[in-house]
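Let me begin by presenting the structure, written as structure tokens, before commenting on it.
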Protein chains: 2
Amino acid sequence: MANSDSMDEQHYLTNYQAGDYSSPLVTVDVAIFTLIEGQLHVLLVQRGNHPAQGRWALPGGFIDTDSDLDLSEAAGRKLHEKTGVNAPYLEQVCTAGDARRDPRGWSVTVLYMALMAHAPTAEFVETVTDARWWPLSSAQQQHLAFDHNHLLEAARQRLSSKTAYTVLPIHTLDEPFTLTQLQQAFEEVLGAPLEKKSFRRRILSADILEESGEAPPPGGRGRPAALFRPKAGLEDHAFVRVVGEGR
Amino acid sequence: MANSDSMDEQHYLTNYQAGDYSSPLVTVDVAIFTLIEGQLHVLLVQRGNHPAQGRWALPGGFIDTDSDLDLSEAAGRKLHEKTGVNAPYLEQVCTAGDARRDPRGWSVTVLYMALMAHAPTAEFVETVTDARWWPLSSAQQQHLAFDHNHLLEAARQRLSSKTAYTVLPIHTLDEPFTLTQLQQAFEEVLGAPLEKKSFRRRILSADILEESGEAPPPGGRGRPAALFRPKAGLEDHAFVRVVGEGR
DNA sequence: ATAATAGTGTCTGTGAGACATTATGCC
DNA sequence: GGCATAATGTCTCACAGACACTATTAT
């Protein structure tokens, strides 16, 4: 390790060679979820290159030390390249790193979870042959590249557990939305039904939504529902009690 | 990117050169907390080398791709090298990475938080001139190396927020302990007083402690307290309501 | 009117907050 | 006895669960 008391930091840095240490590979992967017809889906891409050529994988790839300013920007970039969308919600989940997860050697991946509303008008994804929205359970049943089954499970767990005390699923809906739609989003993410009254009481008393004055879409059966959108900035509300399975 | 349809994965891998991409530097840092005389302390080491020579920093360093099997093992190793202790509790907090946090270039660090009981008999740390337990507030007031002020704050936040719905501070105590000691540990971590009755009700009804039959230490004033230790395996209990500031 | 969906009233149960009271050791 | 600390009794309040009920639309 190059160092001496007489060497100042400037001098040290000019002599420093990054290649002196064997550094792990560093990638960023993104599990992006959305609701399509009420079902939770995750975006996967089919790998065109070795290793794991032909397998489906979470979108991601190597950090570009020239153009990426930081990790979350790298994650956003990977996502944008695949979906053409700037993820409305992006959260770092965890980092996996060991000697075996990538056959190329010791590698580290920083996993992000993203949520977006599925815009049925945006064909950008469906038309790309190697990127597809998968129903979550189908995605989890197949053999994904690398350790992406584990990563997907970790992201899924983060989504579920945070849904119990936040309003995360709000990011899977287009605005404005009805309370029933929001409840169904929660139920799909949690994998369990919720009590209507409790849910509405919880959400409304948190004071994080505002009624959009808009008229309800015509053609629906039954009483038209009120339409809401999140109040600005208040989307990261945390409840002091957990919802669902009151043990 | 080297690839062709005719090349099989084995062939690809033998031709693969890790140096082909400019990879960020990868380090692991650990914020280890303990209680010393009721006060929360964090272990810092003074850097002997450039960069940031002479500054105090969280213990950590480069991944050793030869000997480290995975990230948490690397974190455990860094900790062991500094404290001679295998951390009883180790949790990954987050990963920071950008072009500027280290003057040597694009770097990524995986931050872990650790908790341990302060064994007054263990001089290993105090005698090493470049490693010291700092009261948390003193540590946070000085200018630490790199972005370690931010990392320390992130670890501190994780500790506080998880303390609100788990029993994390249990790992800062020697066994057996009294409920009063446990409550004081919670209060120190949360930075706020707790109601005695609520606290005891919560902890006892969670059924995660067992009474150690041991006799209370002599010499104390007042009624002797019952001594407890955690039941095996049940230390990661999660409550469905949050403690402290019942808003 | 009937079906269908939106939305409310209200009772129960759990557990946190507050704080007064009792218990058990020491001198 | 008095002091100090441990432990309990018990009331209130917030909020989740349950579920019956009313409201508003289309046909």
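The sequence lines fix the lettering, A, B, ..., with proteins before strands; numbering per chain opens at 1. Bear in mind that the values here come from a model prediction, so they are computed numbers and not experimental data. Worth knowing before you read on, the calculation uses all heavy atoms, side chains too, and leaves out hydrogens, waters and symmetry mates.
- Listed by chain and number, the residues in a salt bridge (charged side-chain N to carboxylate O under 4.0 Å, His left out) with Glu175(A) are Arg229(A) (sequence neighbours excluded).
- Between the base of dG7(C) and the side chain of Arg200(A) there is no donor-acceptor pair shorter than 3.5 Å.
- To the nearest angstrom, C1' of dC19(D) lies 15 Å from CG of Leu194(A).
- Residues that satisfy the ring-ring contact (aromatic ring centres under 6.0 Å, His included) test with His171(A), not counting sequence neighbours, are Tyr89(A).
- Distance CZ (Phe177(B)) to P (dT5(D)): 21 Å, rounded to an integer number of Å.
- Rounded to an integer number of Å, the gap from CD of Gln183(A) to P of dT8(C) is 13 Å.
- Rounded to a whole Å, the CG atom of Leu179(A) is 9 Å from the C1' atom of dG7(C).
- For Asp68(A), the salt bridge (charged side-chain N to carboxylate O under 4.0 Å, His left out) criterion is met by Arg77(A), not counting sequence neighbours.
- With sequence neighbours excluded, the residues satisfying side chain to side chain contact (heavy atoms under 4.5 Å, CB included) with Ala117(B) are Asp174(B).
- Under the rule for a ring-ring contact (aromatic ring centres under 6.0 Å, His included), the partners of Phe146(A) that lie at least two apart in sequence or sit in another chain are His148(A).
- A residue-by-residue look at Lys196(B) and Arg241(B) shows that Lys196(B) has its nearest nucleotide of DNA chain D further toward the 5' end.
- In this structure, CG of Leu182(A) is placed 17 Å from C1' of dT5(C), rounded to the nearest angstrom.
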Show me the donor-acceptor pairs, under 3.5 Å and distance only, between side chains in residues 184-193 of chain A and residues at least two apart or in other chains.
unit_1: Glu187(A); atom_1: OE2; unit_2: Gln183(A); atom_2: NE2; d: 3.1
unit_1: Glu187(A); atom_1: OE2; unit_2: Leu194(A); atom_2: N; d: 2.8
unit_1: Glu188(A); atom_1: OE2; unit_2: Leu40(A); atom_2: N; d: 2.9

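- Spacing between atom CZ of Phe186(A) and atom P of dA16(D) amounts to 12 Å, rounded to whole angstrom units.
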Output a table of nitrogen or oxygen pairs between the protein and nucleotides 9-11 of chain C separated by less than 3.5 Å.
unit_1: dG9(C); atom_1: N7; unit_2: Lys197(A); atom_2: NZ; d: 2.7

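- For the segment residues 209-225 of chain A, the set of residues with a heavy atom within less than 4.0 Å of an atom of DNA chain C comprises Arg221(A), Gly222(A), Arg223(A), Pro224(A), Ala225(A), in numerical order.
- Listed for the Ser160(A) side chain is no donor-acceptor partner under 3.5 Å among the backbone atoms of Gln157(A).
- One interatomic measurement links the two molecules: CD of Glu195(B) to P of dT8(D), which rounds to 16 Å at whole-angstrom precision.
- Qualifying side chain to side chain contact (heavy atoms under 4.5 Å, CB included) partners for Asp236(B), counting only residues two or more places apart in sequence or in other chains: none.
- Whole-Å rounding puts the Phe199(B) CZ to dG15(C) C1' distance at 15 Å.
- Residue Ser205(B) is classed as having no contact, given no heavy-atom separation below 4.0 Å to the nucleic acid.
- As judged by a 4.0 angstrom heavy-atom cut-off over every strand, Thr178(B) is placed among residues making no nucleic acid contact.
- Between Thr163(A) and Val243(A) there is no side-chain heavy-atom pair separated by less than 4.5 Å.
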